[in-house]
Amino acid sequence: MSTAHDAHHDDHGHGHHGSRFIQHHYDDAQHQFDAGKLGIWIFLAQEVLFFSALFVAYILYRVHHGELYSYAHKYLDVKYGAINTAILIFSSLTAAWAVRCAQRNERAGLILCLATTIACAFGFLGIKYIEYSHKYHEQLLFGRYFDPCVSPGGNEFITKSNDCPGSKGSVHWDFGAGKATEGCYESSTIDQDPQTEGVQADCQVFETKVRIARGADGKETVTETSRKPIAERCHEWSLEEAEAEAEGGKQEAPEKFPCWKPSYQPAVCPDLTDATARAKGTAARPQVGILVEYGDHEERGEDIVIKAECKPAPKVTKELDILGTPEHPMQLGKPTIVKSHELTTHERHELEAMGPPPDHTNMFFTIYFAMTGLHGIHVFAGILVFMWLLIRALKGHFTPDYFGPIDYAALYWHIVDLIWIFLFPLLYLIH
Amino acid sequence: MATPAAKRIHGPVSEPDFMNVTKGIRSWLITLDHKRIGMMYLFGILISLLVGGAFALIVRTELFLPGKQLVAGDTYNQFFTLHGAVMVFLVIIPGIPAALGNIIMPIQLGAPDVAFPRLNLASFYLWVSGAILLVLTIPFGSLDTGWTLYTPYSLESKTPVLIAVCGVFLLGFSSIFTGLNFIVTIHKFRPQGMGWFQLPLNVWAIYATGIMQVLATPVLGITVLLLAVERFAHIGIFDPTLGGDPVLFQHFFWFYSHPAVYIMIIPGMGVISELISTFSRKPIFGYRFIAYSSISLALLSFLVWGHHMFVSGQSRLANMVFSALTFTVGIPSAIKVFNWVATLYKGDIRLKTPMLYALSFLLLFTIGGLTGLFLGILSVDVHLHDTYFVVAHFHYVMMGSTLVAFLGALHYWWPKFTGRMYPESLGKICAIGVFFGFNLTFLPQFVMGSRGMPRRYWDYDPHYQIYHQLSTVGAFVLGISIFISVMYLFASFKNGPKAPRNPWGGSSLEWQAPTPPTLYNFEKPPVLHELYNYDDIVEVEPDVWERITPTEVEPAVADEIAKKTGTATEHTAGATEADKAAAMIHAKAEEVKAESKLDESSRAKPLDPAKLPDEIEIAKKVAGAGELVPAEQKLAEAEAEAKAKAAEPAKEESDKEKK
């Protein structure tokens, strides 16, 4: 601290406080320990809240899309999760034991316990690496990068594989024939961004007038009375055009109404990622919704339904071409790596039972990677803390009078363990 | 007892003050002194205030007339976004707690420092890093999402959202660690005789703020972390095209940001309690109610986040519940306003600059709070959401209340921690300028908001023009007043007249500390008096107040107290050499006692009897001879004890041998 202060007190060794790590503004070692203890408990409270948002997201998606969880959790290996749980619980024990050793001035025991805790943490991260790399190879990833898919026939299961050289390929499991063929196939469209413009162009929008009749038994019957295509696609103003128009620039040609455009409103367009639609060959790229504009405002009467129908994708010669669009059919080249084996009964049952992934299965993996990833970062931070403690223990800083840092780090480690104890059943042990 | 006139001290007698105890920029940059850290925060916050204010003036200039004046479209979006982000994250949230709380709160407790000084310095550097990152967005395209960063636009925006949210993440942790530090300080560093209900209300407010900082800010942390990961890796949690939910972002964001606005206002309310009491020469009315209302606001603030989302498409049930809870959360604030007004009643009111700010606060906070209730009514909010009515409401509470309280607190404590007085008449002029300019800026905004003027628009229908023009003129009056305030404060730092120990007649402990305080805040241990009791504080000269009962103790008396309570060490506030010697001996005796209690197997090394007498010799020399009876008594006691204990190991070893 300041030099004026140092001028007053030269000896900091065993003069007044016993340990040189008792800070100057504390009355004694107990005062500092108590303050630190309160401080670390408050820190743990905020850690709980830090993870809370992810738990809330988990709950929301599980309540609203439970089928994703029932399907996708099977990709997780319970064995690895259980080993991780055991490792972390054991490391919590060694962390607590380290506190005891420090209190009893058992230097050798302290160093051993700290080192074991660090080793367990490394083991945990190692198993995490194994799990994550497996997911990467199977393309079972979060968000946009999730891409196992199902062929039209429903009896084939294609997963993408990152093991293929060059452009992405796929692994073809044909369990109809009882065979699994791993191959790398060339594909020009397997990664096509669903948000690109051209993909929406093959949509045809119809305004259908229906009559809804309520029968005597309370059942509703819906009959189509007329069907009119809405040919015009609404012009979508870019920001530059809007600014130019606002500044009195030249006007665009007037909009032809009614016109349609993509929107975020769901449920107007049939869900084109539906596997059944794909099976029928009527699939196109997923669309989010269609909005129809009638002049200055939108109208949706009760007896008008806006349907977006998509032109069926043209038949392609290779039956695996399920991702292509009319403009960019998927080309399959020669397989470069082919390995084949007969499906075992178990594999066949697994794959048949699993069936195609429900829509938005990527969300499960988003939650999985976000939660385990954040937890893993905290484990890694814990490793750094314990390594620092180990170095200090080797230098002999800890005495029965001063062992606060070990106590606080062990508390942190306990909460990291506790969070994993929640994550493990929530992700691995669900039905 | 010395006469009041003789006791008046303009500065510390024997020790240098905390600003002069060490010199050089390095001693400031790696300081652990809470006062220096607070002053560095204050400097950064005032600069950020001027920067955020400049952005605001650019926005208001653009809006002076319809059509493009200075900036339009995307650029306009960037200016209001940066104005919001800088003001919220760099000025208002840290404002009173980090700057003034750091400087003053430990002194109000009679403590030598906060609980974790190194963590305090880390908090400051986190603030600096976050500020740098926010400012760093500017050359890379700035930020145009609005300070609220709503998805899905914040996922698609071409601006460097990632840099900005990294800055926000660091600022969040700065806030969390500050709150943690203050909570532990208030629990563990209160002196004997200062129980919870003898705490100044400023300290209660900082405690309540700390609770919110610790519990709410991590949710902001994870929210912006998810936003950053979403932008970077497209995980899909907020992106509807990948199956995510953009409204989920709003829930997470407002779960923090609603308590955040209470993090902003509650320290302001704590300050106002101090100002109103001191400048009415009256104890605060309803002390316990104000204390309890701070805590209840802290807890209730977590329950009302949905009132920012009435039109986001959440369910009708959620809307009704949040609306009802929003009404409940207005009650503790109202209790405080009633209590402050009751304090003013029949008080001996002195209209100094801090009091002008406090009185402004009363009016502006009432307007801001009531208009918040209007917005809490569902049917009304449907019309007023995203209009200028909302803008006016939150400026009344964030600026008209919090910033005004900040300025009042700054002027109130400025003499204490700088040792200089600011120019009082200029202070009053600027306080009036702030009040007048503020109302001129924001009252028209209520009117045009209720008539439909949307917020965040750079262009508008001509029939709103008059309101915008009044508002812009007011903004410049306000801006100039604040700018002049900051300038004269900086000028008085070097050139102002020296301040007395207690220029306002305040009753809390900080007014007993030297002006400016010494390194460990007090020269001699302060004496606790009844809180907010002004009976024995008299104005001996204009603007110089003194207590006529003792505020400091003589060393011998301090010794007695220490012996009785057993709490003195050489670092107790204001300990003298005698105390330090006595404490050293006492501690040694304790150590000897403690070591003898240890398990034999875990004993590190046996007590060295040869060492003891030397240290006692040194202590004797330090203590001096003859004058200090208690010290010598302790010395004798400790010697006897030590010799007895030194005999014991020998005795125990011989016992062991016998076994």
Heavy-atom closest pair, residues [X] and [Y]:
X	Y	value
Leu215(B)	Ala45(A)	CD2-CB, 4.3 Å
Tyr61(A)	Gly243(B)	CE2-O, 3.8 Å
Leu242(B)	Asn362(A)	O-ND2, 3.0 Å
Met363(A)	Ile237(B)	CE-CA, 3.9 Å
Ala35(A)	Val184(B)	O-CG1, 3.4 Å

Check each atom of [X] against the heavy atoms of chain A and say whether the ones under 4.5 Å are side chain, backbone, both or neither.
X	value
Arg36(B)	neither
Asp459(B)	neither
Phe173(B)	side chain
Ile176(B)	side chain
Asn181(B)	neither

Only pairs of heavy atoms separated by less than 4.5 Å count here; which of Ile211(B), Thr185(B), Val114(B) has the most with chain A?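 Heavy-atom pairs under 4.5 Å are most numerous for Val114(B).
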
Would you say His25(A)'s side chain and Tyr520(B)'s backbone share a donor-acceptor pair under 3.5 angstrom?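 Pair absent, no side-chain N/O of His25(A) close to backbone of Tyr520(B).
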
With a 4.5 Å cut-off on heavy-atom pairs, point out which of Leu49(A), Val48(A), Val56(A), Asp34(A) contacts chain B the most.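 The candidate making the most pairs under 4.5 Å is Leu49(A).
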
[atom1]/[X]: more than 12 non-hydrogen atoms of other groups inside 6.0 Å:
X	atom1	result
Phe422(A)	CZ	no
Trp97(A)	CH2	no
Phe380(A)	CZ	no
Phe55(A)	CZ	yes

Got a list of side-chain donor-acceptor pairs under 3.5 Å for residues 220-229 of chain B, not counting sequence neighbours?
residue   : atom : partner   : partner atom : Å
Thr223(B) : OG1  : Val219(B) : O            : 2.6

Separation between CG of Leu180(B) and CD1 of Ile42(A), rounded to the nearest 0.5 Å: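 One finds 4.5 Å between CG of Leu180(B) and CD1 of Ile42(A).
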
Please flag which part of Phe43(A) lies under 4.5 Å from any non-hydrogen atom of chain B: side chain, backbone, both or neither.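 For Phe43(A), heavy atoms of backbone and side chain both lie under 4.5 Å from chain B.
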
Kindly indicate, with the supporting measurements, whether the criterion side-chain contact (heavy atoms from CB on, under 4.5 Å) is fulfilled by Gln23(A) and Phe116(B). CA-CA 9 Å; Gln23(A) 293 173 45; Phe116(B) 306 120; 5.9 Å; no

I would like to know whether Thr217(B) and Gln46(A) meet side-chain contact (heavy atoms from CB on, under 4.5 Å); could you show each step before the answer? CA-CA 8 Å; Thr217(B) 319; Gln46(A) 76 84 34; over 6 Å; no

By side-chain hydrogen bond (donor to acceptor under 3.5 Å, both in side chains) - contacts of Asp407(A) (at least two apart):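 Lys37(A).
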
Hey, does Leu60(A) have a side-chain heavy atom less than 4.5 Å from the side chain of Asp245(B)?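 No, every pair of side-chain atoms sits at 4.5 Å or beyond.
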
